[in-house]
Amino acid sequence: MGKRGRQSWGERLVVLVPYLWLSAFFLLPFLIVLKISLSHTAIAQPPYTPVFDLAAGWKGLAQALSALSFENYALLGSDWLYLASYLKSLEIAAGSTLLLLLIGFPVAYGMARAPRRWQPVVFVLVVLPFWTSFLIRIYAWINILQRDGLLNQVLLALRIVDEPPAWLSTDTAVYIGIVYSYLPFMVLPIYATLEKMDETLLEAAADLGCPNWKAFWVVTLPLSRPGIVAGVLLCFIPIVGEFVIPDLLGSSQTMMIGQTLWGEFFANRDWPVASAVAVVLLCLLVVPIVVYEQVQTRGLARGR
């Protein structure tokens, strides 16, 4: 009985540790940001009021809570700057994720179908960019895309263009930087799913007279769906809040919500509005995760 009790406590501890971790490093910071988003801007340190004074006891806590308001959220809904930033972020994230899927799936498929001895080499080539600093890679793209950069030199040498086009400070440059930076996040989950696929299913489809393209459509693609969904989420969610790439490669016309958030925090020092922007952004990003969980739950229920 004692051994079973120890085992049950051990099992409970294993389950409890992730919840404690999430509470300490996600829930608590989120509550702090949520509280700041309901506060008012002030010329003080910290630059918002009210500030909880634990020494004042319950009375001070009640006064601080009564001073909170939703004015910052009303501002987000009434100012087109924030709405445009959210829409631009969703537009670039959706377009980039689609491009990543169109490029990443053939790469992952080729990796999974490559000979076993070559798969580690191809895998290393995919993850090789991660061995270099992220900022260095983005600055390299600035040199490549500038007016007298490598890309325009190649295009002029091949006589594809007569004059060097402008790449920097455009949506195209932002898409190039994002697709380049996030491609491994799309390739690796799809590759992990395809690599585990039972190839006898394709052989059985061929024996039944199924052509290769149809076998891919009815066998390979459905079985790779978990990897596709994982890759889409791994790319779409961080791209929405991306700051560095649009700031270095984009322009004021590609103002994403990450840049707006940075400006409110550090340029305007308007922490309450910036916190409200962050809370709304988090709520937007939670939606696809919840939808995915619901789809997974229904799929498991049907399987039973």
Side-chain angles (χ1 to χ4, degrees), residues 12-58 60-77 79 81-83 85-86 88-90 92-93 133-135 178 181-182 185 230 232-247 255-294:
R12 291 175 185 175
L13 182 62
V14 169
V15 175
L16 186 62
V17 167
Y19 285 99
L20 292 175
W21 179 273
L22 290 174
S23 299
F25 296 101
F26 176 77
L27 181 60
L28 183 59
F30 172 75
L31 292 176
I32 294 173
V33 173
L34 179 62
K35 185 266 172 187
I36 297 175
S37 71
L38 299 173
S39 303
H40 303 276
T41 306
I43 303 176
Q45 187 63 33
Y48 60 87
T49 57
V51 178
F52 289 136
D53 184 7
L54 299 179
W58 287 107
L61 183 62
Q63 290 177 351
L65 290 174
S66 64
L68 301 179
S69 70
F70 290 91
E71 293 179 1
N72 298 315
Y73 292 95
L75 175 63
L76 297 187
D79 194 330
L81 170 67
Y82 304 107
L83 296 176
S85 298
Y86 282 119
K88 192 65 177 181
S89 297
L90 293 174
I92 291 180
S133 170
F134 175 72
L135 279 176
I178 290 176
S181 301
Y182 286 87
F185 292 104
V232 167
L233 291 178
L234 283 174
C235 294
F236 179 83
I237 292 174
I239 290 174
V240 173
E242 181 61 54
F243 165 74
V244 174
I245 295 174
D247 192 61
M255 181 69 72
M256 295 178 65
I257 199 63
Q259 297 165 279
T260 303
L261 190 60
W262 175 275
E264 292 294 346
F265 260 118
F266 298 101
N268 300 337
R269 288 188 60 80
D270 195 341
W271 287 20
V273 171
S275 298
V277 172
V279 171
V280 173
L281 177 61
L282 178 62
C283 294
L284 287 175
L285 296 181
V286 165
V287 170
I289 299 175
V290 173
V291 171
Y292 173 66
E293 288 294 331
Q294 292 293 328

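Since the model is a prediction, treat every value here as computed from it, not as a measurement.
- With Trp271 as the partner, the side chain to side chain contact (heavy atoms under 4.5 Å, CB included) test is satisfied by one option alone out of Ile36, Thr41, Val33: Ile36.
- Side-chain contact between Val244 and Trp262 is absent, with no heavy atoms from C-beta onward closer than 4.5 Å.
- Atom-to-atom distance recorded for Ile245:CD1 and Phe134:CZ is 4.0 Å, nearest 0.5 angstrom.
- Contact between Pro18 and Val14 at its shortest, heavy atoms only, is CD-O, 3.0 Å.
- Here the CG-CD1 distance, from Leu233 to Ile289, works out to 6.5 Å after rounding to the nearest 0.5 Å.
- Taking each heavy atom of Gly258 and Phe243 in turn, the nearest pair found is O-CD1, 3.7 Å.
- Annotation: side chain of Tyr182 is in contact with side chain of Pro238 (closest heavy-atom distance under 4.5 Å).
- Ser89 contributes atom OG, which lies 8.0 Å from atom CD of Gln259 (distance to the nearest 0.5 angstrom).
- Judged by distance alone, with hydrogens and angles left aside, the side-chain atoms of Asn72 form a donor-acceptor pair with the main-chain N or O of Ser39 at under 3.5 Å.
- Within the 4.5 Å cutoff, the side chain of Pro246 has no heavy atoms near those of the Ile92 side chain.
- To the nearest 0.5 angstrom, Ile239 atom CD1 is 11.5 Å from Leu90 atom CG.
- At distances below 3.5 Å, at least one donor-acceptor pair connects side-chain atoms of His40 with backbone N or O atoms of Ala67.
- In this structure, Glu264 contributes its side chain and Leu261 its backbone to no donor-acceptor pair below 3.5 Å.
- Taking all atoms of both residues into account, the shortest heavy-atom contact from Tyr86 to Val277 is OH-O, 2.8 Å.
- Looking at heavy atoms from C-beta onward, Val280 lies out of side-chain contact with Ile257 at the 4.5 angstrom threshold.
- Here the straight-line distance linking atom CZ of Phe236 with atom CG of Leu234 works out to 13.0 Å at 0.5 Å rounding.
- Here the closest heavy-atom approach between residue Lys88 and residue Met255 is recorded as CB-O, 3.8 Å.
- Atoms OG1 and CG, from Thr260 and Asp79 in turn, are 10.0 Å apart once rounded to the nearest 0.5 Å.
- Here the closest non-hydrogen pair linking Ala42 and Thr49 is CB-CG2, 3.8 Å.
- The two residues Pro29 and Ser23 have their closest heavy-atom pair at CD-O, 4.4 Å.
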Q) Under the side-chain contact (heavy atoms from CB on, under 4.5 Å) criterion, do Leu284 and Val240 qualify, and how do the steps go? A) CA-CA 9 Å; Leu284 287 175; Val240 173; 6.0 Å; no
